[in-house]
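In listed order, ligands and their atoms are each counted from 1. Here the structure is a predicted model, which means the values were calculated and not measured.
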Amino acid sequence: MQVSDTAPQSARLQPGTRYRGRFAPSPTGALHLGSLTAALGSWLLARHAGGDWLVRIEDIDPPREIPGAARQQIETLRAFGMESDEAIVFQSDRSALYETALQRLLAEGRAFPCLCSRGDLAAADGIHRACVPRPSGKTAAIRLRVPDAEIGFDDRIRGPYRQNLAREVGDVVLKRADGLWAYQLAVVVDDHAQGITEVVRGADLLDSTPRQIWLQRQVGLPTPSYAHLPLLKLRQGEKLGKSLASRPIDPADPLPALGAAYAWLGQDPNELGGGSKTPSAWLNAAVATFQPGLVPARDIVLDE
Ligand code: GLU
């Protein structure tokens with residue numbers, strides 16, 4: 001088993017392989033400008049590569065879910081001209097796939113049941129390196145063992161990124177003590193099951209990527225390529241998604257928001273020509289002028 005890694009790991013698209021990208025919102029509210037930027041960025045990179053773009057609804061956390069949000073997100077994407085090329089996948093339907101991966105990891109000793117509560121780990125800043133002598137949890141979570149080694153990859157936008165998993169992250173929860181699947185397991189299983197060749201998403205998930213790569217290796221899966229898009233932040237450093245949650249994008253007026261998202265992706269919306277367009281016509285013009293190399297490798301700070 002390889003535990004150290006100094007070489008960039010992101011696979012490049014093999015000749016003859018079709019690019020497959022995805023947008024994977026959690027149904028925790030309406031889409032806002034930050035999530036539109038991620039949706040548009042993933043759509044443009046997929047279309048620029050002549051590939052497919054899929055939508056996956058990450059609805060594995062019912063306590064955080066807003067009823068009706070998934071439907072609303074899908075309808076908003078459609079109003080903005082972006083439709084999944086294949087049937088939309090809902091993670092809530094896919095427990096059997098996650099269970100298969102989990103059982104394999106348990107059988108091979110790569111994952112283990114853990115009764116440590118949050119309080120038990122407080123002294124270690126919440127980082128799990130080994131179970132405490134007398135854990136106080138009532139029900140076991142399942143965690144993935146991580147190595148005391150750096151796992152690195154070469155992000156298409158941000159460049160090389162590495163993390164020592166044991167020191168910086170700790171053993172990763174795969175299934176929570178409340179019985180819910182953890183995002184890290186579901187995303188790795190689904191990105192592979194859907195044949196995703198490049199994961200394009202907001203840079204808030206940059207630091208989740210090394211643990212996802214480690215998990216891929218533990219279940220014998222290849223690593224896709226990764227591209228982390230700029231996050232929109234307010235000047236005081238708050239993530240836009242939180243602060244403007246009350247300001248969803250307006251499906252009745254998509255072009256101004258598309259133009260703003262395009263500009264935040266480092267592109268020039270003025271090159272698209274004026275006039276009123278349908279969102280689909282706007283997107284076709286945008287993909288014709290889109291330059292992946294101009295997407296900024298840093299977050300965008302707004303003055304609001
Ligand atoms: N569902 C995650 C979110 O809405 C995104 C997961 C991903 O793109 O890997 O933040």
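Contacts between F23 and ligand 1 below 4.0 angstrom, taking non-hydrogen atoms only, are absent altogether. Using a 4.0 Å cut-off between heavy atoms, D204 makes no contact with ligand 1 at all.
Of the possible donor and acceptor atoms, none in the side chain of D148 sits under 3.5 Å from a partner among the backbone N and O of A166. Of the possible donor and acceptor atoms, one in the side chain of R20 sits under 3.5 Å from a partner among the backbone N and O of Q194.
Short contacts between ligand 1 and Y183, defined as distances under 4.0 Å to a heavy atom of the residue, involve ligand atoms 6 (C), 7 (C), 9 (O). Taking a cut-off of under 4.0 Å to the non-hydrogen atoms of R22, the atoms of ligand 1 that pass are 7 (C), 8 (O), 9 (O). Every atom of ligand 1 is numbered from 1 in the order shown, and the set under 4.0 Å from a heavy atom of V187 is 9 (O).
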Check against side-chain hydrogen bond (donor to acceptor under 3.5 Å, both in side chains), Q216 and T223: CA-CA 7 Å; Q216 287 154 4; T223 292; 2.7 Å; yes

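In this pair, F290 and H48 present their aromatic rings perpendicular. The plane angle is above 60°, beyond the 30 to 60° band.
Of the polar atoms of L205, none of the N or O atoms is found under 3.5 Å from an N or O of ligand 1, judged by distance alone.
Of the residues listed (L283, D268, L40), the one engaging Y262 in a side chain to side chain contact (heavy atoms under 4.5 Å, CB included) is L40, and it is the only one.
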